[in-house]
*Asks:* 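Below is the structure I would like to discuss, written out as structure tokens.
Side chains are part of it too, since the values below use all heavy atoms of this structure and drop only hydrogens, waters and symmetry mates.
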2 protein chains.
Amino acid sequence: MERDVSANSRLTIAAHALTWIGLYQRRGYEVATSEQIATSVNTNPVVIRRLLAELRKAGLADSRRGAGAGWMLTRDLAAITLLDVYRAIEPGPLFALHPATPDPECVVGHGIGPVMAAVYDEVEAALRGELAKTTLEDVLRDVLKAA
Amino acid sequence: MERDVSANSRLTIAAHALTWIGLYQRRGYEVATSEQIATSVNTNPVVIRRLLAELRKAGLADSRRGAGAGWMLTRDLAAITLLDVYRAIEPGPLFALHPATPDPECVVGHGIGPVMAAVYDEVEAALRGELAKTTLEDVLRDVLKAA
DNA sequence: GCCGTCGTAACAACTATCGTTACGACCAGG
DNA sequence: CCTGGTCGTAACGATAGTTGTTACGACGGC
């Protein structure tokens, strides 16, 4: 499967960006620029802007334009869980069913779809439950503890 | 994110193939051909052979060559969990860390990697725990119940 | 008006998945 | 021994997601 070398660092980067903004604001600054965040993440500012645009749609962040522009959080780090971030970047299903509908004449082909879908639903629920346990405040605390 | 439209149906297809073989053997046949399985799954036999080759490496299935060739299970459906299948197809990590190492001068950039990795470890453990709850016998039972 | 920043489109590079064709390797049965 | 069916596997193409990059218009304090 090799789920990816070219893979899913979106949740990591989104959490990194929000945590960075949170710490920056806690130090008294009003807004953080995509350039500053990109420097910490070590990527291109456009990547940050794209990702933060999705987080803004989900209500986790907001941006200001014009001079003195930049990004800010809409609520405290303690009020944002990794599940919120996960939902904001709208990942597709973890597992997919068949690309082509299996043979309906076959007992297995006919019935296995819903059975696997039910399992996948529970797996996703477990995954979301785990992500909900951690807030960005927890992340920041652990990050500062490690330093 | 759209984890995939072109995505991960490998677990679905692997479970389908093994369940099909299991049912076929239960009906008295010794081996199933990749062509038969492919018909039920509605795909190309090569796709099935490729996937079953990985399951064979993991010890879940075996093949016989020559005339009267085909595939068989190495143990009962009840002794194979979806976690076994998941491990057999060797999915890469669910979430990746940063593609490029973040700025080590930055507190967040320096410390967030291990923190996220710890979270991801727990998430994967939860996912595996859920997959371990279901055996292919369970899958077959539910499939037959639905019919 | 200027200038810095966002907003977004467009493109390339890379990778994984899925389907397909092709062909050699293998082996039971005649 | 040879034949026919099946596996084993390489090779391609199509499709699509992610990441990085350039480019340029839109916005709005100053």
*Asks:* Among the candidates D/dT9, C/dG19, C/dC27, find the nucleotide nearest to the side-chain atoms of B/Thr43.
*Replies:*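 Selected nucleotide: C/dG19.
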
*Asks:* Rounded to the nearest angstrom, tell me the gap between atom CG in A/Leu52 and atom P in C/dT8.
*Replies:*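 Interatomic distance, CG of A/Leu52 to P of C/dT8: 13 Å.
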
*Asks:* Is there side-chain contact between A/Asn8 and B/Leu94, with at least one heavy-atom pair below 4.5 Å?
*Replies:*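 No - every pair of side-chain heavy atoms lies 4.5 Å or more apart.
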
*Asks:* By the 4.0 Å heavy-atom rule, please label B/Ala69 as base, sugar-phosphate, or nothing.
*Replies:*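 Sugar-phosphate, no base atom in range.
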
*Asks:* Starting at atom CG of B/Leu94, determine the distance to atom P of D/dT18, rounded to an integer number of angstrom.
*Replies:* 13 Å

*Asks:* Is the B/Phe95 ring parallel, tilted or perpendicular to the A/Tyr86 ring (thresholds 30°, 60°)?
*Replies:* perpendicular

*Asks:* Without decimals, in angstroms, what is the distance between A/Glu35 CD and C/dG4 P?
*Replies:*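 Distance check: A/Glu35 CD to C/dG4 P gives 11 Å.
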
*Asks:* Would you mind reading off the distance between B/Leu97 atom CG and D/dT19 atom C1', rounded to a whole angstrom?
*Replies:*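 Those two atoms, CG and C1', are 16 Å apart.
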
*Asks:* Can you tell which of C/dT20, D/dG20, C/dA22 lies closest to the side chain of B/Arg49?
*Replies:*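 Nucleotide nearest to B/Arg49's side chain: C/dA22.
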
*Asks:* Within the 4.0 Å heavy-atom criterion, would you say B/Arg64 contacts the bases, only the backbone, or no part of the nucleic acid?
*Replies:* sugar-phosphate

*Asks:* Does the side chain of B/Ser63 get closer than 4.0 angstrom to OP1 or OP2 of D/dC7 through an N or O atom?
*Replies:*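 For D/dC7, OP1/OP2 do not have a side-chain N/O of B/Ser63 under 4.0 Å.
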
*Asks:* Take the protein atom CG of A/Leu11 and the nucleotide atom P of D/dG17, then report the distance between them rounded to whole Å.
*Replies:* 19 Å

*Asks:* Side chain of A/Val46, heavy atoms from C-beta onward: which of D/dA23, C/dG19, D/dT18 has the nearest atom to it?
*Replies:*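 Selected nucleotide (nearest to the side chain): D/dA23.
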
*Asks:* Rounded to the nearest angstrom, tell me the gap between atom CD1 in A/Ile48 and atom P in D/dT19.
*Replies:*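 Taking atom P of D/dT19 as the reference, CD1 of A/Ile48 is at 11 Å.
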
*Asks:* Under the criterion salt bridge (Lys or Arg N to Asp or Glu O under 4.0 Å), I'd like the reasoning laid out for A/Lys57 against A/Glu54: C-alpha separation, chi angles, the key distance, then a yes or no.
*Replies:* CA-CA 5 Å; A/Lys57 263 185 232 160; A/Glu54 296 185 53; over 6 Å; no

*Asks:* Could you please name the option among C/dT20, C/dG7, D/dG8 that lies closest to any side-chain atom of B/Trp71?
*Replies:*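 Between C/dT20, C/dG7, D/dG8, the one nearest the side chain of B/Trp71 would be D/dG8.
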
*Asks:* To the nearest angstrom, how far is B/His16 atom NE2 from C/dC18 atom P?
*Replies:*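 Rounded to the whole Å, the gap is 15 Å.
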
*Asks:* If you take all heavy atoms of A/Ala100 and B/Asn42, which pair is closest and at what distance?
*Replies:* CB-ND2, 3.4 Å

*Asks:* From the set D/dC7, D/dT18, D/dG25, return the single nucleotide nearest to any side-chain atom of A/Arg65.
*Replies:* D/dG25

*Asks:* For the side chain of B/Arg56, starting at C-beta, report the closest nucleotide among C/dT17, D/dG8, C/dG7.
*Replies:*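 Of the options given, the side chain of B/Arg56 lies nearest D/dG8.
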
*Asks:* Taking all non-hydrogen atoms of both residues, which atom of B/Leu73 and which atom of B/Gln25 are closest, and how far apart?
*Replies:*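 Looking at all heavy atoms of both residues, the closest pair is N-OE1, 3.4 Å.
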
*Asks:* Quick check: on DNA chain C, is the nucleotide nearest B/Ile13 upstream (toward 5') of the one nearest A/Thr33, or the reverse? Name the residue that is more 5'.
*Replies:* A/Thr33

*Asks:* With a 3.5 Å cut-off and just heavy-atom distances, do the side chain of A/Arg50 and the base of D/dG20 make a donor-acceptor pair?
*Replies:*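 Pair found.
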
*Asks:* Which whole-number value in Å describes the distance from B/Asn44 CG to C/dT17 C1'?
*Replies:* 14 Å

